[in-house]
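Have a look at the structure below, then the notes.
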Number of protein chains: 2
Amino acid sequence: MRTTRQRLLEEGLALLLRHGYNDLGIQALLDATGIPKGSFYHHFRSKEDFALQVVDHYMAEVHAGLDACLGDRSRAPLERVRDFFELSREKYRREGYMGCLLGGLGQELSGVSEAFRYKIEWCFSEIAGRIAVSLEEARQCGDLPAETDVHHLAGLLLDCWEGAALRSRLRRDPAPLEAMLDFYFRAAVS
Amino acid sequence: MRTTRQRLLEEGLALLLRHGYNDLGIQALLDATGIPKGSFYHHFRSKEDFALQVVDHYMAEVHAGLDACLGDRSRAPLERVRDFFELSREKYRREGYMGCLLGGLGQELSGVSEAFRYKIEWCFSEIAGRIAVSLEEARQCGDLPAETDVHHLAGLLLDCWEGAALRSRLRRDPAPLEAMLDFYFRAAVS
DNA sequence: TCCAGACTAGACCGATTGGTCTAATTCTGT
DNA sequence: ACAGAATTAGACCAATCGGTCTAGTCTGGA
């Protein structure tokens, strides 16, 4: 059974992705779900608490994608990493090229909310950490130069990806994402 | 003489950079400047009109930076391009690593406002266009491979920069910006 | 059967929002 | 000096904001 809480998180994810935090009113979320206000404040302490939990919900999806792609032993380590971003690009497309929730909320809120700033930075470093594991595998295989700093390279990939995701959102177009991946993987191996 | 209009645009730039659009109330801007509401609505049709003009104000600064860096004939074309981004990094530092206004407003508003989406995409393409000119010079010099697509490469640089700027904002740290530039310029020439 | 706790339901609250309006004041050209 | 335009000044407005409160409903265990 899809609980009230889950429905709020799911619809909240979609609405936060499009509207951002401050442009999303509680009432709009309630109207979209048909859930009354009392239920919302039963399940969540505040709007901020809610949005932070939506980020957790989003991160669960990200980790599922990482599990699926990075765990595929039939493909070379670098291919697995690229697979994850191709998967993300497909997800963005399905959502109308709204980009990444972490990038959106990070940009909007990191200037005024330390809670969100730390949270989202932590999410990024967690994703980068998992990518670094695959990059290290690639290094061991000789697919990356032996002197490669894989954590550095993973952070770089994520940062550039977020920039390309913003451009993709502005243009409603996947081209910047694809271009960035081509450039990165050509450059990283040499 | 620094006019009321100019003071609103200048203070508005600083406040929008930190707070974003929706978290910035007109009243907060008026309190910060000591300017009454009547003056604001005399000079600007609406909050949206104001923010769009702040973007213009910001772009004037960007163009001034581009003029200063890209016009320096004493340096190689690729060095001039890098100079511009180093200059931007210094500006970000002075502002407390709040990143780029275009990235911030682009992320926050491109999901809900076509006006901002088109405006900011246009700003990006304009900056990329100017960078492409210097890249083309570099290509002519042989500093870039002859087959380089300079417009493609300029867009890529800007996109990755914006991503690094977000990370820099999250971490209050210039390292992601520097790392991205090192990676890019090493990769682009080969 | 009945009770306790989880949950739903929505009226209601003070504060704040973007925006309007009119009166007062300052500036500018003659 | 004076007229008229530009600008300042801030009270005021309806709408919306996030959040509270209480009453009612549902559900599982004793």
Side-chain angles (χ1 to χ4, degrees), chain A residues 1-57 104-105 108-117 119, chain B residues 1-57 104-105 108-117 119:
Chain A
M1 171 198 168
R2 212 150 121 280
T3 69
T4 298
R5 203 186 104 92
Q6 274 176 316
R7 284 172 53 218
L8 285 169
L9 289 174
E10 283 166 25
E11 189 65 37
L13 174 50
L15 289 175
L16 281 175
L17 197 56
R18 170 164 271 107
H19 290 266
Y21 183 82
N22 285 300
D23 189 52
L24 175 61
I26 305 281
Q27 197 54 55
L29 171 69
L30 302 177
D31 291 346
T33 52
I35 290 169
K37 191 168 274 194
S39 299
F40 179 89
Y41 280 98
H42 173 75
H43 292 288
F44 304 99
R45 244 176 297 118
S46 64
K47 184 187 180 186
E48 175 177 90
D49 174 53
F50 171 70
L52 287 168
Q53 291 198 42
V54 169
V55 171
D56 287 331
H57 185 73
L105 295 184
E108 181 180 359
L109 300 173
S110 62
V112 287
S113 163
E114 294 290 273
F116 277 96
R117 186 164 81 83
K119 175 89 177 185
Chain B
M1 169 198 169
R2 210 150 121 280
T3 69
T4 297
R5 203 185 104 91
Q6 275 177 315
R7 283 173 54 216
L8 285 170
L9 288 175
E10 282 166 26
E11 189 64 38
L13 174 51
L15 288 175
L16 281 175
L17 197 57
R18 170 164 272 109
H19 290 267
Y21 182 83
N22 285 300
D23 189 53
L24 175 61
I26 304 282
Q27 196 54 54
L29 171 68
L30 301 178
D31 291 346
T33 52
I35 290 169
K37 190 167 275 192
S39 299
F40 179 89
Y41 281 98
H42 173 74
H43 291 288
F44 304 99
R45 243 175 297 116
S46 65
K47 184 187 180 187
E48 175 177 89
D49 174 52
F50 171 70
L52 287 168
Q53 291 198 42
V54 169
V55 172
D56 287 332
H57 184 72
L105 295 184
E108 182 180 357
L109 301 173
S110 63
V112 286
S113 163
E114 294 289 271
F116 277 96
R117 186 164 81 84
K119 175 89 178 187

Checklist line | Interatomic distance where NE2 belongs to His43(A) and P belongs to dG19(D) [whole Å] | finding: 17 Å
Next item on the list: Using the six-membered ring of Tyr21(B), assess whether NZ or CZ of Lys47(B) lies under 6.0 Å from its centre and within 45 degrees of the ring axis.
Entry: yes
Next item on the list: Calculate the interatomic distance between His19(A) atom NE2 and dG18(D) atom P; express it in whole Å.
Entry: 13 Å
Margin query: Check this for me: does any side-chain nitrogen of one of Glu114(B) and Arg117(B) sit under 4.0 Å from a carboxylate oxygen of the other?
Written below: yes
Note to self: Checking the side chain of Glu11(A) only, and the main-chain atoms of Ala32(A) only, is there a donor and an acceptor separated by less than 3.5 Å?
What the structure shows: no
Item checked: Closest listed nucleotide, where the reference is the side chain of Pro36(B) and the choices are dT8(D), dG18(D), dG18(C) -> dT8(D)
Check: Could Arg18(A) and Asp23(A) be called an ion pair, given the rule that one side-chain N must be under 4.0 Å from one carboxylate O?
Finding: no
Margin query: On the nucleotide dT8(C), are OP1 or OP2 found under 4.0 Å from the side-chain N or O atoms that Thr4(A) carries?
Written below: yes
Checklist line | Any side-chain heavy-atom pair of Val55(B) and Leu13(B) under 4.5 Å | finding: no
Note to self: The side chain of Tyr41(B) is closest to which nucleotide in this list: dT20(C), dT8(D), dG19(D)?
What the structure shows: dT20(C)
Next item on the list: Let me know the distance between CG of Leu30(A) and P of dA11(C), rounded to the nearest Å.
Entry: 13 Å
Item checked: Candidates dT7(D), dT8(C), dG19(D) - which lies nearest the side chain of His42(B) -> dT7(D)
Note to self: Rounding to an integer number of Å, can you tell me how far Asn22(A) CG sits from dG18(C) P?
What the structure shows: 11 Å
Notebook entry, point to check: Looking for any heavy atom pair under 4.0 Å, which part of the strands does Leu24(B) touch: base, sugar-phosphate only, or nothing?
Noted result: sugar-phosphate
Notebook entry, point to check: Can you tell me how far P of dT20(D) sits from CZ of Phe40(A), to the nearest Å?
Noted result: 11 Å
Note to self: Just the rounded figure in Å: distance from C1' of dA9(C) to CG of Asp31(A).
What the structure shows: 14 Å
Check: What about Lys37(A), does its side chain sit under 3.5 Å from the base of dG19(D) through a donor-acceptor pair?
Finding: yes
Check: Over how many whole Å does the gap from Gln27(A) atom CD to dA11(C) atom C1' extend?
Finding: 12 Å
Next item on the list: Check every strand shown and say whether Gly25(B) touches a base, only sugar-phosphate, or nothing at a heavy-atom separation below 4.0 Å.
Entry: sugar-phosphate
Next item on the list: Nearest whole angstrom, please: distance from the C1' of dT16(D) to the CG of Leu29(A).
Entry: 16 Å
